[in-house]
Asker: 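Got a structure for you, written out below as structure tokens; questions coming shortly.
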Amino acid sequence: MRSRSHLLNDTTADRYRRSVTEGIERVAAKLATTERPFTGVTVDALAPRIDRVDLDKPLHDTTAVLDELEDVYLRDAIYFHHPRYLAHLNCPVVIPALVGEAVLSAVNSSLDTWDQSAGATLIERRLIDWTNERIGFGPSADGVFTSGGSQSNLQALLLAREEAKSDAYADLRIFASEAGHFSVKKSAKLLGLGPDAVVTVPTGNDKRMRTVALAHELERCERDGLVPMAVVATAGTTDFGSIDPLPEIAELCEQFGTWLHVDAAYGCGLLASLRNRHRIDGIERADSVTVDYHKSFFQPVSSSAVLVRDAATLRHATYHAEYLNPRRSVQERIPNQVDKSLQTTRRFDALKLWMTLRTMGADGIGRLFDEVCDLAERGWQLLAADPRYDVVVAPSLSTLVFRYIPAAVTDPAEIDRANLYARKALFASGDAVVAGTKVGGRHFLKFTLLNPETTTDDIAAVLDLIAGHAEQYLGESLDRAS
Ligand SMILES: *Cc1c(COP(=O)(O)O)cnc(C)c1O
């Protein structure tokens with residue numbers, strides 16, 4: 001009896017309402033009391049608390065389970081809504097999307113076939129069409145929601161491989177810039193291409209793909225009797241937010257008959273922008289596009305899609321199973337999204353974007369993304385004027401890469417160590433969270449600004465904190481030396 005009372009149905013609607021509300025109340029209370037993005041908890045402190053939980057001894061009571069959850073998760077989670085979380089491509093999420101999340105997980109539609117997702121399939125298709133219109137694709141475009149940018153890139157490259165002029169996998173080449181995403185290399189491996197399949201094209205000082213170098217590599221590829229399978233242009237690199245020159249790259253792809261994939265996992269926010277949409281002009285010439293709504297549309301993970309200019313290319317992901325999506329369902333015009341997807345059972349993530357657009361509109365999202373791009377511009381001015389810091393490149397989106405450069409220290413390895421230390425110390429303090437990366441072999445720090453609530457004062461304060469930690473490290477390092 002007791003177990004059945006946990007099943008969601010007509011007799012348990014009250015329990016459902018009470019339990020979920022209780023969970024939501026805990027998060028709401030957290031939002032009200034979180035003063036720092038992180039507590040600074042260590043793995044060693046947290047692991048035993050989680051290990052101690054006896055998974056074979058249930059507590060039976062939502063309140064007790066949530067109390068325990070406070071201890072093993074909620075207290076020490078990293079909170080992206082906090083204005084001093086400045087690290088990775090995690091956005092604060094919008095409330096309409098959370099309403100969608102609550103509905104979609106309870107109804108639990110599965111987007112593989114129409115007979116598991118009536119309505120949901122059509123809503124997803126409308127959103128794919130909506131996105132394609134924003135991209136500027138014509139009426140033959142299509143696409144499907146995915147689990148994330150990595151999966152979108154994998155699927156796009158699968159289509160490109162199947163459309164390539166050769167099926168000798170060892171001869172196929174993919175061109176991506178040195179600032180491109182590592183999922184391109186992973187995809188090449190999964191797709192059975194050779195170890196040299198991904199040709200890295202250098203970027204200029206602006207961290208955008210050098211098209212002269214791309215042209216050179218494409219020519220060399222053909223000269224060597226190899227096949228240029230795809231060019232991956234990045235519209236918003238993960239590290240710098242830089243946007244590869246899409247029109248010039250599209251020109252080259254046309255000339256060489258090469259599939260153009262635009263990885264706009266980050267830059268897709270510009271599709272809703274009121275002022276900066278032109279920065280991704282040329283995206284409409286792509287054969288396929290990756291968008292991550294969970295990065296720059298303020299959606300909860302997961303929410304992502306792969307879009308294609310020519311719907312017919314999606315057939316490369318189509319397989320039929322008699323029990324699920326038999327061939328005859330195509331003739332009967334039954335819309336089975338599994339025909340287009342790498343996944344089978346699949347969440348109705350599209351509902352979150354639907355709720356968002358129906359509540360705030362695309363302009364609402366675009367305005368938020370424009371705000372973080374403006375913030376990055378102001379952060380860039382702060383950094384450029386601050387003698388304590390070296391900053392790599394003016395922002396194209398909302399990312400800043402910089403490093404602390406003490407006036408008195410000339411040893412580059414020591415400067416590296418000071419920056420590494422500052423990042424770790426800041427994380428351990430929980431006062432702010434920033435990311436790190438390497439540029440030209442040296443360690444840098446990174447702000448990914450996706451929270452419109454973050455202010456210039458927050459940025460200035462975090463820069464002071466970083467400088468303080470770095471100085472402390474260098475002071476102690478001097479002591480050690482003497
Ligand atoms: C984040 C990112 C990806 C991967 O997306 P996931 O949703 O994390 O799988 C791919 N490309 C770029 C440029 C990204 O920034």
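Keep in mind it's a predicted model, so treat the numbers as computed, not measured. Whatever order the structure lists ligands and atoms in, that order sets their numbers, starting from 1. Reckoned from all heavy atoms, side chains included, excluding hydrogens, waters and symmetry mates.
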Asker: Which of these, Thr454, Thr455, Thr456, sits in a side-chain hydrogen bond (donor to acceptor under 3.5 Å, both in side chains) with Asp458?
Answerer: Thr455
Asker: Between Gly149 and ligand 1, does any nitrogen or oxygen pair lie at a separation below 3.5 Å?
Answerer: yes
Asker: Using a 3.5 Å cut-off on N or O atoms only, is Asp292 in polar contact with ligand 1?
Answerer: yes
Asker: Assess the pair Phe427 and Phe38: is the distance between their ring centroids shorter than 6.0 Å?
Answerer: yes
Asker: Rounded to the nearest 0.5 Å, what separation is found between the OG atom of Ser166 and the CZ atom of Arg173?
Answerer: 10.5 Å
Asker: What do you reckon, does Ser302 put a non-hydrogen atom under 4.0 Å from ligand 1?
Answerer: no
Asker: Would you check whether Gln151 has a nitrogen or oxygen atom less than 3.5 angstrom from a nitrogen or oxygen atom of ligand 1?
Answerer: no
Asker: How far is atom 8 (O) of ligand 1 from the closest protein heavy atom, and which atom is that?
Answerer: Lys295 NZ, 4.1 Å
Asker: Is there a side-chain contact between Phe369 and Leu270 (heavy atoms, below 4.5 Å)?
Answerer: yes
Asker: Tell me, which protein residue and heavy-atom name are nearest atom 10 (C) of ligand 1, and how many Å apart are they?
Answerer: His181 CG, 3.3 Å
Asker: Is the closest heavy atom of Asn153 to ligand 1 under 4.0 Å?
Answerer: yes
Asker: Atom CG of Leu271 and atom CG of Asn276: how far apart are they, to the nearest 0.5 Å?
Answerer: 12.0 Å
Asker: Under 4.0 Å from a heavy atom of His294: give me the atoms of ligand 1 that qualify, with their elements.
Answerer: 7 (O)
Asker: Report the distance from atom CG of Leu159 to atom CH2 of Trp259, rounding to the nearest 0.5 Å.
Answerer: 5.0 Å
Asker: What I want to know is whether Tyr266 and ligand 1 share at least one N or O pair that is separated by under 3.5 angstrom.
Answerer: no
Asker: Mark yes or no: Lys295 above the aromatic ring of Tyr266, with NZ or CZ under 6.0 Å from the six-membered ring centre and no more than 45 degrees from the axis.
Answerer: no
Asker: Taking only distance into account, with no hydrogens and no angle test, what donor-acceptor pairs under 3.5 Å do side-chain atoms of residues 118-132 form with protein atoms, sequence neighbours excluded?
Answerer:
unit_1	atom_1	unit_2	atom_2	d
Thr121	OG1	Ser117	OG	2.6
Glu124	OE1	Arg346	NH1	2.9
Glu124	OE2	Gln337	NE2	2.8
Glu124	OE2	Arg346	NH1	3.3
Glu124	OE2	Arg346	NH2	3.0
Arg125	NE	Gln337	OE1	2.8
Arg125	NH2	Gln337	OE1	3.2
Thr131	OG1	Leu127	O	2.8
Thr131	OG1	Tyr293	OH	2.7
Asn132	ND2	Ile128	O	3.4
Asn132	ND2	Asp142	O	3.4

Asker: What part of Ser150, side chain from CB on, backbone N/CA/C/O, both or neither, has a heavy atom under 4.0 Å from ligand 1?
Answerer: both
Asker: How far is atom 12 (C) of ligand 1 from its nearest protein heavy atom, and which residue and atom is that?
Answerer: Asp263 OD2, 3.4 Å
Asker: Using a distance-only test with no angle check, is there a side-chain donor-acceptor pair under 3.5 angstrom linking Thr234 and His181?
Answerer: no
Asker: Which atoms of ligand 1 are found less than 4.0 Å from any heavy atom of Gly236?
Answerer: 13 (C)
Asker: Any idea which atoms of ligand 1 are less than 4.0 Å away from a heavy-atom of Leu89?
Answerer: 15 (O)
Asker: When you compare ligand 1 with Thr237, is there at least one nitrogen or oxygen pair between them that comes in under 3.5 angstrom?
Answerer: no
